[in-house]
Every structure is written in C-alpha cells, then in structure tokens.
Amino acid sequence: MKIGRNDPCPCGSGKKYKQCCLKKMNRSEYDMIREAVNENRSNDKIVNLLCNLYRYMNEKQWMGACHATCAVLYVALKELGENVELCIGEVDAGMFVFDHSWILVDKKKIDLAAAITMQGGLTVSGPIVFDRDIRTGQSSELVYGVYKSGLDSEANMIMNIPFGVYMDNFPDEENGLWGVLKKVYPGEVDIDSIRKSYSNTERRYVCD
C-alpha cells in the first residue's frame with residue numbers, strides 16, 4: 001500500500017509521513033552528522049570539520065584509512081579546544097575483529113572510518129559521531145578495545161612511529177596529513193606553528 005505524504009506515519013509517531021520517516025529517508029549523511037553533533041554540543045565548527053573530512057574520505061575513496069583520519073581529527077579537535085583521546089586497538093564487528101583507530105571526545109567515540117573499511121567490501125557500520133551510528137540513529141553496535149590476537153604488524157608500527165613523522169610522511173597529499181588537516185579544518189590553521197606541538201602525541205592502546 002502506498003503511503004501518502006500527508007498520511008499518518010506508519011511508525012506510530014503521530015506525525016505526518018512527510019514530517020517523519022519520509023523526511024528521515026531524504027536526509028543526507030552530512031545532515032545526520034550535523035544532528036548527531038548538535039545533540040551533544042552546539043558547535044558548527046565540529047559539524048563542518050566532520051563533514052569536510054567525511055567528504056574528503058569519500059572523494060579520495062579512503063578505504064581503511066582509520067589511522068590517518070583519526071590523526072587528522074585528533075589535531076583538529078584539539079585545536080578547537082576539545083578534550084580528545086587518540087585510540088588504537090581491536091574492534092569487534094560481530095562477524096570479525098579488526099585493528100582500528102578511533103577518537104574519544106569527552107569519552108564519546110567519533111569514528112568516520114567505520115563506514116569505509118577494508119573488510120572485504122563489507123559495511124560494518126555507518127559513521128559514528130558521539131557514540132551514534134548516524135545511519136541507524138542508534139548507539140553503535142561495534143565493541144571497541146577488545147582483545148583477540150593483539151595488533152598486527154602494521155597497527156603496531158603505526159602505534160609506535162613518532163606522530164610527527166607519521167603526519168609528515170603520509171603519501172598522496174602535499175605536506176602529508178598536515179595538508180589534509182589544512183583542507184578540512186573549519187578556518188585558518190598555521191601548520192608550521194602547530195607541527196611541533198603534536199610531534200610527541202601518542203596513541204592510547206585500548207585493550208580490555
């Protein structure tokens with residue numbers, strides 16, 4: 001049966017279909033990112049940062065770039081005055097466990113790269129913004145910081161390489177990941193002046 005735009009929404013909300021589930025279906029993921037941020041804090045700069053980075057990731061087809069995207073997000077969010085942790089560990093997606101990096105802001109997870117993994121083309125999640133899988137509107141079902149076999153050699157290398165070296169030498173962008181930061185940061189950022197400030201940043205290995 002076809003549902004009319006002005007009919008009661010079948011979800012039982014009491015609203016018209018056009019103001020409820022139809023409206024949700026027509027939202028872009030960028031709209032959903034904005035909503036998830038605004039439920040936690042009213043900060044357009046964080047919205048713009050996350051949307052800019054997610055757009056960059058999709059344009060570049062950055063599959064499996066969790067370590068890189070989180071490095072950029074860590075610096076950007078710190079520069080915006082947020083309480084940020086840069087984490088690395090294993091994540092349980094139900095069918096498999098994989099090595100991953102993610103961000104904690106006031107202990108809540110931000111993980112855009114969960115939506116663009118290298119797990120055989122499988123989509124394990126939507127982008128996660130302040131613990132919410134924006135595609136479902138629910139709390140993320142991924143379990144972060146589990147222990148199965150420990151980090152593989154690549155993740156161990158990334159955890160142990162000096163942060164500044166990692167940022168400087170990431171390929172495919174002028175000035176490495178600093179160049180990505182400059183493209184996605186919501187405003188002006190002086191890379192030369194902040195580079196030294198983050199040279200000794202450490203990823204926190206989460207292993208419960």
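No hydrogens, no waters, no symmetry mates; every other heavy atom, side chains included, goes into these values.
Between Lys109 and Ile103, every side-chain heavy-atom pair lies at or beyond the 4.5 Å cut-off. At least one side-chain heavy atom of Pro127 sits under 4.5 Å from a side-chain heavy atom of Arg135. Looking only at side-chain heavy atoms (C-beta outward), Leu112 and Val129 come within less than 4.5 Å of each other. No side-chain heavy atom of Val180 sits less than 4.5 Å from a side-chain heavy atom of Phe170. Contact of the Lys182 side chain with the Asn175 side chain is not registered, since no non-hydrogen atoms from C-beta on lie closer than 4.5 Å. No side-chain heavy atom of Asn200 sits less than 4.5 Å from a side-chain heavy atom of Phe163. The side-chain heavy atoms of Ile116 and Tyr54, taken from C-beta on, include a pair separated by under 4.5 Å.
With hydrophobic clusters built from ILVMFWY side chains whose heavy atoms lie under 4.5 angstrom apart, Val97 does not share a cluster with Met159. There is a path of hydrophobic side-chain contacts, each under 4.5 Å, that joins Val165 to Val72. In the hydrophobic cluster analysis, where Ile, Leu, Val, Met, Phe, Trp and Tyr join through side-chain heavy atoms closer than 4.5 angstrom, Met167 is grouped together with Ile161. Linking ILVMFWY residues whenever their side-chain heavy atoms come closer than 4.5 Å, directly or via other members, places Leu77 and Tyr166 in the same cluster. Linking Ile, Leu, Val, Met, Phe, Trp and Tyr residues whenever their side-chain heavy atoms come within less than 4.5 Å leaves Ile88 and Val146 in two separate clusters.
Judged as a salt bridge (Lys or Arg N to Asp or Glu O under 4.0 Å), and not counting sequence neighbours, the contacts of Glu35 are Arg27, Arg132. With sequence neighbours left out, the salt bridge (Lys or Arg N to Asp or Glu O under 4.0 Å) criterion links Asp133 to no other residue. Partners of Asp190 under the salt bridge (Lys or Arg N to Asp or Glu O under 4.0 Å) rule, at least two apart in sequence or in another chain, do not exist in this structure. Residues that satisfy the side chain to side chain donor-acceptor pair (under 3.5 Å) test with Tyr144, not counting sequence neighbours, are Asp111. Considering only residues two or more places apart in sequence or on other chains, Lys108 meets the side chain to side chain donor-acceptor pair (under 3.5 Å) condition with Asn40. Scanning for salt bridge (Lys or Arg N to Asp or Glu O under 4.0 Å) contacts around Asp152 gives an empty result, with sequence neighbours left out. Every side chain to side chain donor-acceptor pair (under 3.5 Å) that Trp178 has, sequence neighbours left out, goes to Asp168. With sequence neighbours left out, Glu202 forms a side chain to side chain donor-acceptor pair (under 3.5 Å) with no residue at all.
Residue pairs meeting the ring-ring contact (aromatic ring centres under 6.0 Å, His included) criterion with at least one member in residues 179-208, sequence neighbours excluded, do not occur. Contacts classified as salt bridge (charged side-chain N to carboxylate O under 4.0 Å, His left out) and involving residues 84-94 (residues at least two apart or in different chains) are given here: Glu85-Lys107, Glu85-Arg204. Listed by first then second residue, pairs satisfying salt bridge (charged side-chain N to carboxylate O under 4.0 Å, His left out) with a partner in residues 44-64 read Arg34-Asp44, not counting sequence neighbours. Within the structure, salt bridge (charged side-chain N to carboxylate O under 4.0 Å, His left out) pairs that include any residue of residues 67-84 comprise Arg41-Glu82 (at least two apart or interchain).
No donor-acceptor pair closer than 3.5 Å links the side chain of Tyr30 to the backbone N or O of Asn48.
Separating the CE atom in Met57 from the CE atom in Met63 is a distance of 11.0 Å, to the nearest 0.5 Å. Interatomic distance, Phe130 CZ to Ser140 OG, rounded to the nearest 0.5 Å: 14.5 Å. Note that the CG atom of Leu177 and the SG atom of Cys70 stand 11.0 Å from one another [nearest 0.5 Å]. Between the CE atom of Met32 and the OG1 atom of Thr136 there is a distance of 9.5 Å, given to the nearest 0.5 Å. Annotation: the span from Asp99 atom CG to Ser153 atom OG amounts to 9.0 Å, rounded to 0.5 Å.
Under the side-chain contact (heavy atoms from CB on, under 4.5 Å) test applied with Ile110, the options Thr69, Leu73, Ile128 reduce to a single match, Leu73.
The two residues Arg203 and Ser101 have their closest heavy-atom pair at NH1-OG, 3.1 Å.
Classification of the Phe98-Phe96 ring pair by plane angle, with boundaries at 30° and 60°, yields tilted.
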